[in-house]
Amino acid sequence: MLMRKRGHKVIIVATITILVTSVLLPSIVFAENGVIQIQIRGAGVGDNLKISAYTDRDSWEWRDSFTIGDNLVKQVDGVSTGDIINVCIINFKDGREDCDSGTFNSNGNVEINIDVG
């Protein structure tokens with residue numbers, strides 16, 4: 001009878017290990033670098049912007065000054081094709097926050113369009 005209890009424990013532990021591995025492994029193995037390209041409308045030259053971006057697994061934050069004709073570009077780690085990313089921009093001039101989201105494509109890129117102001 002003692003052997004049966006041990007056998008059940010081994011089966012349960014093995015099953016849990018397989019389930020956890022099958023859920024976590026794809027996101028760890030296929031995580032890669034990605035590029036967020038942000039098109040901003042409504043910002044003025046020299047506006048000081050705080051940009052926050054986040055997925056289910058990670059988040060990033062940086063500051064930038066807006067220049068006419070520039071796209072804000074940020075390289076990030078740990079993203080996969082199909083990951084949804086939310087991006088928010090705060091313009092320190094008036095304190096307004098505007099947000100939008102997008103999905104990383106098979107090349108690891110995502111384009112976000114945000115109207116500021």
Side-chain angles (χ1 to χ4, degrees):
M1 187 144 173
L2 186 61
M3 283 293 273
R4 269 201 162 162
K5 286 185 178 181
R6 285 187 187 160
H8 289 298
K9 286 181 184 178
V10 170
I11 291 172
I12 290 171
V13 169
T15 303
I16 291 171
T17 303
I18 290 169
L19 289 172
V20 168
T21 302
S22 67
V23 169
L24 295 179
L25 190 58
S27 62
I28 294 169
V29 169
F30 298 112
E32 56 192 39
N33 293 332
V35 175
I36 306 168
Q37 183 175 356
I38 305 170
Q39 307 280 330
I40 300 177
R41 289 183 290 257
V45 174
D47 281 354
N48 190 12
L49 307 173
K50 176 183 172 187
I51 301 139
S52 302
Y54 60 93
T55 64
D56 288 339
R57 288 182 291 221
D58 215 341
S59 63
W60 306 269
E61 187 174 286
W62 70 100
R63 291 183 183 211
D64 211 329
S65 292
F66 184 77
T67 305
I68 287 182
D70 283 352
N71 297 320
L72 301 178
V73 177
K74 175 77 171 173
Q75 184 160 351
V76 294
D77 297 328
V79 298
S80 300
T81 299
D83 280 356
I84 296 172
I85 188 160
N86 297 298
V87 176
C88 293
I89 296 178
I90 296 175
N91 188 341
F92 285 113
K93 182 170 93 178
D94 59 12
R96 284 191 61 171
E97 179 178 35
D98 296 286
C99 302
D100 204 350
S101 62
T103 304
F104 282 96
N105 64 24
S106 60
N107 294 327
N109 298 322
V110 63
E111 188 175 312
I112 307 288
N113 298 304
I114 297 180
D115 292 321
V116 177

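Counting all heavy atoms, side chain and backbone alike, Phe104 lies closest to Gly34 at CE2-CA, 4.1 Å. The two atoms that bring Glu32 and Gly108 nearest to each other are OE2-CA, 4.0 Å, heavy atoms only. The minimum heavy-atom distance between Trp62 and Ala53, with the atom names listed, is CZ3-CB, 4.3 Å.
Heavy-atom contacts from other residues, nucleotides or ligands closer than 6.0 Å to NZ of Lys74 number more than 12.
Hydrophobic clustering (ILVMFWY, side-chain heavy atoms < 4.5 Å, transitive): Leu49 and Trp60 are in one cluster.
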Report the C-alpha separation of Ile40 and Asp47 in whole Å, then their side-chain angles, then the decisive distance to 0.1 Å, and conclude whether the side chain to side chain contact (heavy atoms under 4.5 Å, CB included) test is met.
CA-CA 11 Å; Ile40 300 177; Asp47 281 354; over 6 Å; no
Please report the C-alpha distance between Asp83 and Arg57 in whole Å, then the side-chain angles of each, then the deciding distance to 0.1 Å, and finally whether the salt bridge (Lys or Arg N to Asp or Glu O under 4.0 Å) criterion is met.
CA-CA 9 Å; Asp83 280 356; Arg57 288 182 291 221; 2.4 Å; yes
Could you go step by step and tell me if Ile85 and Val79 meet the side chain to side chain contact (heavy atoms under 4.5 Å, CB included) rule?
CA-CA 9 Å; Ile85 188 160; Val79 298; 5.7 Å; no
Might you work through the side chain to side chain contact (heavy atoms under 4.5 Å, CB included) test for Asp58 and Val76, ending with a clear yes or no?
CA-CA 9 Å; Asp58 215 341; Val76 294; over 6 Å; no
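Counting only residues at least two apart or in different chains, disulfide (SG to SG under 2.5 Å) contacts with residues 42-89 comprise Cys88-Cys99. Here side chain to side chain donor-acceptor pair (under 3.5 Å) pairs that include residues 97-117, with residues two or more places apart or in two chains, are Arg41-Asp115.
Taking NZ of Lys50 as the start and CD1 of Ile89 as the end, the distance is 12.5 Å to the nearest 0.5 Å. Atom CG of Asn71 is separated from atom CD1 of Ile112 by 12.5 Å, given to the nearest 0.5 angstrom. The structure places CZ of Arg63 at 10.5 Å from CD1 of Ile51, a figure rounded to the nearest 0.5 Å.
Under the side-chain contact (heavy atoms from CB on, under 4.5 Å) rule, Tyr54 has a single partner from Asn86, Val87, Ile84, which is Asn86.
Annotation: side-chain contact (heavy atoms from CB on, under 4.5 Å) contacts of Asp56 (sequence neighbours excluded): none.
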